[in-house]
Amino acid sequence: MGKQYETVIGLEVHVELATKTKIFCGCSTAFGGAPNTHTCPVCTGMPGTLPVLNKQVLEYAVSVGLAANCEITRYSKFDRKNYFYPDNPQNYQISQLYLPICQNGYVEIETEDGVKRIGIHEIHMEEDAGKLIHDEWEDCTLVDYNRSGVPLIEIVSEPDMRNAQEVIAYLEKLRLLIQYLGASDCKLQEGSMRADVNLSVREAGTERLGTRTEMKNLNSFRAITRAIEGERERQIELLESGEEVVQETRRWDDTKGCSYAMRSKEDAQDYRYFPDPDLPPVRIEEAWLEKLRAALPEFRTEKIERYRREYDIPDYDIEILTGSKRLADLFEETVSLCREPKKVSNWLMGETMRLLKEKGMEPEELAFSPAHLAALIEMTDKKEINGTVAKEVFEVMFETDTDPRRYVEEKGLKTVNDTAALQKILEKVIADNPQSVEDYRNGKQKALGFLVGQTMKAMQGKADPALVNQMLREML
Amino acid sequence: MKIMEMTALELGKAVREKEIAAKEALEAVFRVIEKKEERLNCYVTLDREGAFERARKLQERLSQGMEAGPLAGVPVAVKDNLCTKGMRTTCSSRMLENFVPCYTAEAVRRLEEAGALIVGKTNMDEFAMGSTTETSAFGATRNPWQEEHVPGGSSGGSAAAVAAGARFLGSDTGGSIRQPASFCGVVGMKPTYGTVSRYGLIAYGSSLDQIGPLGRNVADCAALLELISTWDKKDSTSIDRKDTDFTSALTEGIRGMRIGLPKDYFTEGLAPQVKRSVLAAAELLKERGAEIEEFDLRLVEYAIPAYYTIASAEASSNLERFDGVKYGLRAEDANGLHDMYKKTRSRGFGEEVKRRIMLGSFVLSSGYYDAYYLKALKVKALIKRAFDEAFAKYDVILGPVAPTSAPRLGESLCDPLKMYLGDIYTISANLAGLPGISVPCGLDEEGLPIGMQLLGNCFEEKKLIRTAYAYEKARGAFAVCGEVG
């Protein structure tokens, strides 16, 4: 009879902040520049250079802390983490160990058993490292310091999660908070959000925590879920066979679906942390904190409540729309322009979602502007274009944020509301399809649909189907 | 007046008013250098061509009637741990033997902006670690007074260059300005921590390093310090001070100035001749109206262990960037990354640097951090408090700079601990962030200079300058070693 095991999970989440410049110098944080073009003497560790803290980094870190119910450390310091590796030009990383900027917070997640609180041990600020590129041809390693000094926050949770679903819910929650703050785009695939999973198992009912391992290289929610399940099984198997779990760092290989040990605790490095003498302590004043607190955006829970009060749309729509800051913003801005919440929601829930799924995109990548969506809705309302044309125009808008009015104009897609012209076409359709006319007169409603279709075809889709319908009935 | 006898500001004025050509000022200096450099080894790099080119450009601007700074045409040398764009900056280490920075240290930039002509980079202890300039990878500098003796350190090259009759100034670092100034019979000053930007200063102990002037007299030091003091947004530890008009303190009135003599600085270990000279200086200041009183400073014996713990810890981290990857020396015969690190750093660093890296790594390592590094920080705070109490009673503290005059070459390196003990009177000012000035106050029986040290409270450089200036006037002209060019 097998024992029952409980999984205990804590997360270390790195988030790349959306500042324009790096944490300790004025270089651009833009992604994808030619190697070593976004660099200066400071972020390449030239001798004699000194770091200067980017205030925006502090603002973002504190805002995330406030959103995650943290205590903000009023007297915070930066520490040096010393280790030799070529991606780190100074051979020490400026981070925070002793006095991190935020401590003792929590976020709430929805689980099957209701709302659960996940504790946040701390949030600290640090700099990212450069990137090593191995040149197989020349058999040498090159280093690109463009990413060196890009600001990060590390969010360290308490070991409060018990399964992969909770981990995903927690990550979703963090991602949403941070996106709502505009502090980061939090893309796992691109590495602007990275999660390391600390996991241990223990016999159900025991107090003492088991030995944990740390899993790295998790680039998607799917990989995280699989890695958690894989690691749980691996540890249980070890325990069942009388072996011990070794405290170590492991690397997840998502293609193979398994992990392997990177380094054990024994050969863990001594980072010789000490306060960075080049950066004075950060002292936070109440007034400044108050300003940040006042500037916090409306988060999802409050937004959901407000949507329920203000807009007559289904709860399901509200859930989806507020699930992404970008979607919610698009919704609100478009509604403020056209005052048609239901129609806006339909566009976002229907066509937008369909196209996102089709193209494998995230809502955060949506590029069309609220003004253009509002114009499209207005044109449909005024019957300037019909539904089919509207969908065609929207697809173009989705791709290139084209102005729908101009596009309809240029392509000649406007609905023809000239009844005289329509009359002529209808007469021709009736004359050409005597059998269908006959069927309709004999009570076959389907036949009318065929005739409408023929008319629309003859009009190249630019007629108002309702009008065609009405006139046909009258004429028959 | 001869060029070499002028103060920096007098020379700058003469050049601006075209009484002296910038080129003539340079020629005077290079005449001295040519005569003495081969024996003394004050410089790691001389930039004769560049200096004359800059002099030519300056003269051109002057002849077009354009404005020039207060140091127009004044030849200046800078210590070789201050980065100079396009001019190699070695820290007297093999590691950086061919390192040419693409930026200039803020303090040097300020000097250049004031019209100064940089003639070269002066020799120093490797990465400023040492008290004799003997740890330089490019050979020791000799004391111009007695060539068998050291010039002190780590800024020995600068001090010796000033003493060798070359009347120009050296801009300099850390706790090691005052001691070489004392050994070489010149004036050296360390301002309050944060007064001069450290941007471009290759760091040794970041929380202790501070740039300051060396010169033939107090007036030159005050003028130079006034020009290099600045708040710099590139250095987060620099301070925005409004009171850096240091030359305004060049007045003699010291009546009623309260001067404290720490008894703990005059105990055994202090050479009798040094003691006699410093006490004679105190007597002279008393004659000029100062009130002299002895007191117990306390904690003096803890300063050395605290200082070497903190400085080495910071140095061990600061010097990690020298790894052969980006610039400087790289061992080409290495097999893989770790072998390259090992070979590069083994060859690039000298004995004393390695000793301090090991010491610093040890005191920061897990399990020892609290016992050593953290405790040293606590001692530092206590020392600061002891000085706060002293400065509640006294305007200025007077004592020796070093326990002895300059030792003979080769004497110090065989006993590093003894060398560290020689820093006992100077390092407290670095730990507490205080300003200090070293002024020549006598010669010992071998004819080697002796210096006295004045320490002030944070931001009270002006009291130091006033007292030092008054003393200098009362003392009269100090002996000059060698002929003046």
Side-chain angles (χ1 to χ4, degrees), chain A residues 23-26 36 39-55 77-94 97-98 129-130 132 134 139-145 148 265 268-282, chain B residues 81-83 89 91 95-96 99 101-106 127 194 197-203 205-209 232-239 310 313-314 316-328 337-338 340-341 345 360-369 373-374 377:
Chain A
I23 183 168
F24 298 123
C25 65
N36 296 309
T39 56
C40 71
V42 176
C43 59
T44 51
M46 296 297 243
T49 61
L50 297 167
V52 178
L53 179 62
N54 178 344
K55 200 175 172 189
K77 275 184 179 174
F78 284 95
D79 302 297
R80 291 186 186 175
K81 178 180 180 178
N82 299 284
Y83 66 95
F84 277 80
Y85 205 62
D87 64 359
N88 173 359
Q90 306 147 133
N91 286 320
Y92 57 80
Q93 178 196 31
I94 304 178
L97 177 74
Y98 296 109
L132 296 183
H134 194 73
D139 192 27
C140 65
T141 301
L142 302 163
V143 55
D144 175 9
Y145 288 121
S148 163
K265 195 192 171 195
Q269 301 192 44
D270 182 350
Y271 292 120
R272 292 177 284 119
Y273 275 101
F274 77 107
D276 192 324
D278 289 332
L279 288 160
V282 176
Chain B
N81 57 356
L82 286 160
C83 288
T89 301
C91 275
M95 189 61 94
L96 292 177
F99 175 64
C102 58
Y103 45 92
T104 293
E106 180 63 15
F127 284 103
S197 167
R198 291 187 296 116
Y199 189 85
L201 166 69
I202 300 180
S206 312
S207 72
L208 310 162
D209 289 345
D232 179 8
K233 67 172 189 223
K234 298 191 294 306
D235 175 4
S236 307
T237 62
S238 78
I239 300 169
I310 295 170
E314 291 178 359
S316 72
S317 175
N318 285 332
L319 269 57
E320 279 165 357
R321 66 188 65 207
F322 306 109
D323 59 2
V325 173
K326 304 158 296 271
Y327 43 74
L337 179 65
H338 285 271
M340 184 193 74
Y341 282 158
R345 290 169 64 84
S361 301
F362 175 73
V363 298
L364 288 178
S365 60
S366 131
Y368 297 97
Y369 179 83
Y373 184 72
L374 220 53
L377 286 188

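So you know, we letter chains A, B, ... as the sequences are listed, proteins then strands, and number each from 1. Every heavy atom of this structure was used, including side-chain atoms; hydrogens, water molecules and symmetry mates were not.
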Tell me, do P47(A) and Y327(B) make a side-chain contact under 4.5 Å, heavy atoms counted? yes
Heavy-atom closest pair (P275(A) atom, Y373(B) atom, distance to 0.1 Å) is CD-CE2, 3.9 Å
Measuring only between side-chain heavy atoms, which start at C-beta, is Y103(B) closer than 4.5 Å to T49(A)? yes
What part of Y85(A) gets within 4.5 angstrom of chain B, counting heavy atoms only: side chain, backbone, both, or neither? both
Heavy-atom contact with chain B under 4.5 Å, split by part of Y98(A): side chain
Less than 4.5 Å apart, side chain to side chain, heavy atoms only: is that true for R198(B) and L50(A)? yes
Distance in Å, S316(B) OG paired with N82(A) CG, rounded so as to fall on 0.5 Å steps: 6.5 Å
Are E320(B) and R272(A) within salt-bridge range, i.e. N to O under 4.0 Å? yes
Q90(A) side, atom CD; D323(B) side, atom CG - distance, nearest 0.5 Å: 11.0 Å
Taking every heavy-atom pair that is under 4.5 Å apart, which of S207(B), G200(B), G205(B) has the most such pairs with chain A? G200(B)
Taking every heavy atom of C102(B) against every heavy atom of M46(A), the minimum-distance pair comes out as SG-CE, 4.4 Å
Checking T44(A) against chain B: side chain, backbone, both or neither under 4.5 Å from a heavy atom? backbone
Could you check whether any side-chain heavy atom of L377(B) comes within less than 4.5 Å of a side-chain heavy atom of F274(A), counting everything from C-beta outward? no
Side-chain heavy-atom pair P89(A), K326(B) within 4.5 angstrom cut-off: yes
Nearest 0.5 Å, what's the OG-CZ distance between S206(B) and R80(A)? 5.0 Å
Taken to the nearest 0.5 Å, the spacing of S365(B) OG from Y273(A) OH works out to 15.0 Å
So which atom in S236(B) and which in P280(A) form the shortest heavy-atom distance, rounded to 0.1 Å? O-CG, 3.2 Å
Could you tell me if the side chain of F84(A) sits less than 4.5 Å from the side chain of H338(B), heavy atoms only? no
Does any heavy atom of chain A fall under 4.5 Å from the side chain of L337(B), the backbone, both, or neither of them? side chain
Under a 4.5 Å heavy-atom cut-off, does chain A meet the side chain of S361(B), its backbone, both or neither? both
Under 4.5 Å to a heavy atom of chain A? For Y368(B) that would be neither
Where does K234(B) contact chain A at under 4.5 Å (heavy atoms): side chain, backbone, both or neither? backbone
Closest heavy-atom pair and its distance - E314(B), P277(A): OE2-CB, 3.6 Å
First locate atom OH of Y369(B), then atom CG of D270(A), and finally report the distance between them rounded to the nearest 0.5 Å. 12.0 Å
